[in-house]
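Contents: one structure, followed by commentary.
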Amino acid sequence: MLVIFAFVLFCNVSTFLGSFWGFKNIPPPSQTETLGTSSSTVDLKTCSTVDLIEAEGYPAETHTVTTADGYILTFHRIPMSRLMAHNPSSTPGPPVLHLHGYESSSAEVVLRGRRNSLGFLLSDQGYDVWLLNFRGNVYSRNHTDLSPDDKFGPFWNFTWWEMGSKDLPRVLEYILDLTGQNKLQIVGHSQGITALYVMLDQHPELSTNISLVSAMAPIAYNSHTQGMLRWTAQFLADIPNFASQSEFLAPSEALNSISSKYCQENSTTQTACYNFLFLVTGFDLEQQDRSNLVNQLQHFPAGTSARTIVHFAQMILQDRFQAFDWGEEENQRRYKSSHPTQVDLKKATPPMAIYVAPGNDYLAQPEDYTRLVAELPNVIRLHTVNYTKWNHMDFITGIDAPRLLYPFLLEEMNNYSNIDRK
């Protein structure tokens, strides 16, 4: 435990000091270089989502949109599979939009090679795969007027509420307009689904544009959260509003240096790296590809606002799925009520396929997702992964995800697609 504590302390102190005295945030990696057809040709320290996609032989595109409040979002596309790309007459299939989890990015579903990564498996099934980057992460750290480099500046005045109410409507509009489709499917993990529920509450008319939602470890209610987030919830919720309006865990030279040195496969400290992650997600070392950890940590954390984690902490303590709690006086000004606006899950009417862990996912516990499922009006599948120790990160990084999870997810998605599979 002392080793874990020392590692956590070192990471956080190094990141804090680095942001003020010398370590630089890492800008979005170059997105123009094509690196061949083998992932072994990719420089893991500098590669972008596009590099990861193209290294596996798939076509990749970069798109940007500007939200109504000025955030410039960059997202990525795999328009067709590597095999279809060699056929000049091939056209993209039905669109599917992936929504990443907390502190993550579009890279999360292309990090484990073409046979194991959900993004590539979706492409091979014939889907036109779109990978979103929510405001504030390394790819969407831009704005028409506000500077993300202002330490406590207004750029960082957001949580997952704005990701759902502002980012998602604009992205859906863009994808449907560009593809000429009137519907798409959504696949998401954790906070990505939190934001989706906000969008459906604030913009219920968009429900008609979604043919199916595949939700992995969705978070709406979270009062039964375990582990580090539970232990620190009160501390986080007590952070003053001015202090939470800041960047949190942006990619940096400091973090990359730490992970490269201490988290390598076969190093004596790699287990401590995993234990730090497991304190948040649940312990399950057996499902981790230890040779890929440094690669994963070059893309995670990807940056967001500090206010986002404070918002999750408020939910744990107040046992409500609601907008950010500013305190009674400011709530009254913003919401015309002393309490924040609550999400009405009855407005989430698209068909929902829910994929959950039996109980070792610290962030999506059975009591909480059972309550969620009971309030959703159109759950067409509730699938519990058949693995006792399955944790929150296993949905993305688990060695057996291609065997224990993705076949069921793809089967349900294919029931709602118009792809000819004869």
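- Using modelled atom types, one finds a donor on one side chain and an acceptor on the other under 3.5 Å when comparing T308 with S305.
- A donor-acceptor distance shorter than 3.5 angstrom exists from the side chain of S246 to the backbone of A243, with no hydrogens or angles considered.
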Give the table of side-chain donor-acceptor pairs shorter than 3.5 Å for residues 347-358, with sequence neighbours excluded, one pair per line with atom names and distance.
residue, atom, partner, partner atom, Å
K347, NZ, D201, O, 3.4
T349, OG1, S207, OG, 3.3

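- Ion pair R290/E265 not flagged as a salt bridge, since none of the NZ, NE, NH1 or NH2 atoms sits closer than 4.0 Å to an Asp/Glu carboxylate oxygen.
- The shortest heavy-atom contact between W156 and K151 is CD1-O, 4.4 Å.
- Legend: residues meeting salt bridge (charged side-chain N to carboxylate O under 4.0 Å, His left out) with K183, ordered by chain and number and at least two apart, are absent.
- The shortest distance between side-chain heavy atoms of Y362 and L279 does not fall below 4.5 Å.
- To the nearest 0.5 angstrom, L52 atom CG is 4.0 Å from C47 atom SG.
- Using modelled atom types and a 3.5 Å distance limit, the side chains of D394 and Q288 yield a donor-acceptor pair.
- Of all the heavy atoms in I193 and S214, the pair that sits closest is CD1-O, 4.3 Å.
- Contact annotation: the side chain of Q202 never approaches that of V343 to less than 4.5 Å [non-hydrogen atoms, C-beta and beyond].
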Test side-chain hydrogen bond (donor to acceptor under 3.5 Å, both in side chains) on S105 and Y139; report intermediate values, then the result. CA-CA 8 Å; S105 74; Y139 294 106; 5.3 Å; no
Decide yes or no on side-chain contact (heavy atoms from CB on, under 4.5 Å) for V187 and M413, but give the supporting numbers first. CA-CA 9 Å; V187 177; M413 288 183 64; 3.7 Å; yes
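- For the pair R114 and F120, the cation-pi criterion (under 6.0 Å, within 45° of the ring axis) is not fulfilled.
- Dense packing is recorded around CG of D344, with more than 12 heavy atoms of other residues, nucleotides or ligands lying under 6.0 Å away.
- Of the inter-residue distances, the one linking I309 atom CD1 with Q314 atom CD reads 11.5 Å to the nearest 0.5 angstrom.
- Summarising the geometry of Q181 relative to P95, their closest heavy-atom pair is CG-CD, 3.6 Å, with the distance given to 0.1 Å.
- We find the CG-OG1 distance between L404 and T384 to be 12.5 Å, quoted to the nearest 0.5 Å.
- Within the 3.5 Å criterion, the main-chain N or O of F152 finds a donor-acceptor partner in the side chain of Q245.
- In summary, the side chains of Q264 and S259 do not present any donor paired with an acceptor at a separation below 3.5 Å, with no hydrogens or angles considered.
- Taking CE of M163 as the reference point, atom CG of N137 lies at 8.5 Å (rounded to 0.5 Å).
- Judged by distance alone, the side chain of Y71 and the main-chain N or O of V65 form no donor-acceptor pair under 3.5 Å.
- Between N391 and G282, the shortest heavy-atom contact is ND2-O, 2.6 Å.
- H76 and S106 share a donor-acceptor pair across their side chains, judged by distance under 3.5 Å alone.
- Between the side chains of S104 and E108, at least one donor-acceptor pair of N or O atoms lies under 3.5 Å.
- One N or O on the side chain of N133 and one on the backbone of T74 form a donor-acceptor pair closer than 3.5 Å.
- Taking the six-membered ring where tryptophan is involved, the planes of F321 and W160 are tilted, since the angle between them lies from 30° to 60°.
- One N or O on the side chain of T281 and one on the backbone of L277 form a donor-acceptor pair closer than 3.5 Å.
- Among residues at least two apart or in separate chains, side chain to side chain donor-acceptor pair (under 3.5 Å) pairs with a member in residues 215-225 are Y221-E375, S223-D319, H224-D368.
- Closest of all the heavy-atom pairs between P94 and G126 is CD-O, 3.8 Å.
- Ring planes of F155 and H143: perpendicular class, angle over 60° (limits at 30 and 60°).
- Looking at N182 and N209, their side chains never bring a donor and an acceptor atom within 3.5 Å of each other.
- A donor-acceptor pair under 3.5 Å is absent between the side-chain atoms of S140 and the main chain of G136, judged by distance alone.
- You'll find the side chain of F395 reaches within 4.5 Å of the side chain of D361, heavy atoms only.
- Side-chain atoms of Q322 and T341 include no donor-acceptor pair closer than 3.5 Å.
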Criterion side-chain contact (heavy atoms from CB on, under 4.5 Å) on L118 and Y406, from CA distance to verdict: CA-CA 7 Å; L118 181 57; Y406 298 158; 3.9 Å; yes
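- Atoms CG and CG, on L229 and L236 in that order, are 6.5 Å from each other to the nearest 0.5 Å.
- Using cut-offs of 30° and 60° on the angle between ring planes, the pair F75 and W130 is tilted.
- Remark: side-chain polar atoms of E328 are not paired, donor with acceptor, to backbone N or O of H339 under 3.5 angstrom.
- In this structure, Y58 OH and R82 CZ are separated by 5.5 Å, a value rounded to the nearest 0.5 Å.
- Contact of the R230 side chain with the I316 side chain is registered, since non-hydrogen atoms from C-beta on lie closer than 4.5 Å.
- The existence of a salt bridge linking R141 and E247 is confirmed by a sub-4.0 Å separation between a basic side-chain nitrogen and an acidic carboxylate oxygen.
- Under a 4.0 Å N-O distance rule, the pair R334/E330 qualifies as a salt bridge.
- Because its NZ or CZ atom is not both nearer than 6.0 Å to the ring centre of F158 and within 45° of the ring axis, R307 does not count as a cation-pi partner of that residue.
- In this structure, a donor-acceptor pair under 3.5 Å is present between the side chains of S48 and D51.
- The pair D124-R115 does not count as a salt bridge, with every side-chain nitrogen at least 4.0 angstrom from each carboxylate oxygen.
- Between H392 and H189, the ring centre distance stays below 6.0 Å.
- With S123 contributing its side chain and S81 its backbone, the two residues share a donor-acceptor pair below 3.5 Å.
- For K261, the NZ atom counts as loosely surrounded, since its 6.0 Å shell holds 12 or fewer non-hydrogen atoms of other residues, nucleotides or ligands.
- For N266 and Q270, the side-chain atoms include no donor-acceptor pair closer than 3.5 Å.
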Worked check of side-chain contact (heavy atoms from CB on, under 4.5 Å) between L97 and L168: CA-CA 10 Å; L97 173 62; L168 278 178; 4.2 Å; yes
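- Side-chain contact between F134 and E162: absent, with no pair of heavy atoms (C-beta onward) separated by less than 4.5 Å.
- Panel note: side chain N331, backbone S338; a donor-acceptor pair is recorded below 3.5 Å.
- A salt bridge links E286 with K389: at least one charged nitrogen is closer than 4.0 Å to a carboxylate oxygen.
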Verdict with reasoning, R170 to L73, per side-chain contact (heavy atoms from CB on, under 4.5 Å): CA-CA 10 Å; R170 182 68 186 95; L73 311 179; 5.7 Å; no
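- The minimum heavy-atom distance linking S190 with G101 is given by the pair CB-CA, 4.3 Å.
- In terms of modelled atom types and a separation under 3.5 Å, the side chain of T159 and the main chain of W161 share a donor-acceptor contact.
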Do Y174 and H63 pass the ring pair (Phe, Tyr, Trp, His ring centres under 6.0 Å) test, and can you show the C-alpha distance, the side-chain angles, and the key distance before you say yes or no? CA-CA 10 Å; Y174 178 90; H63 296 256; 5.6 Å; yes
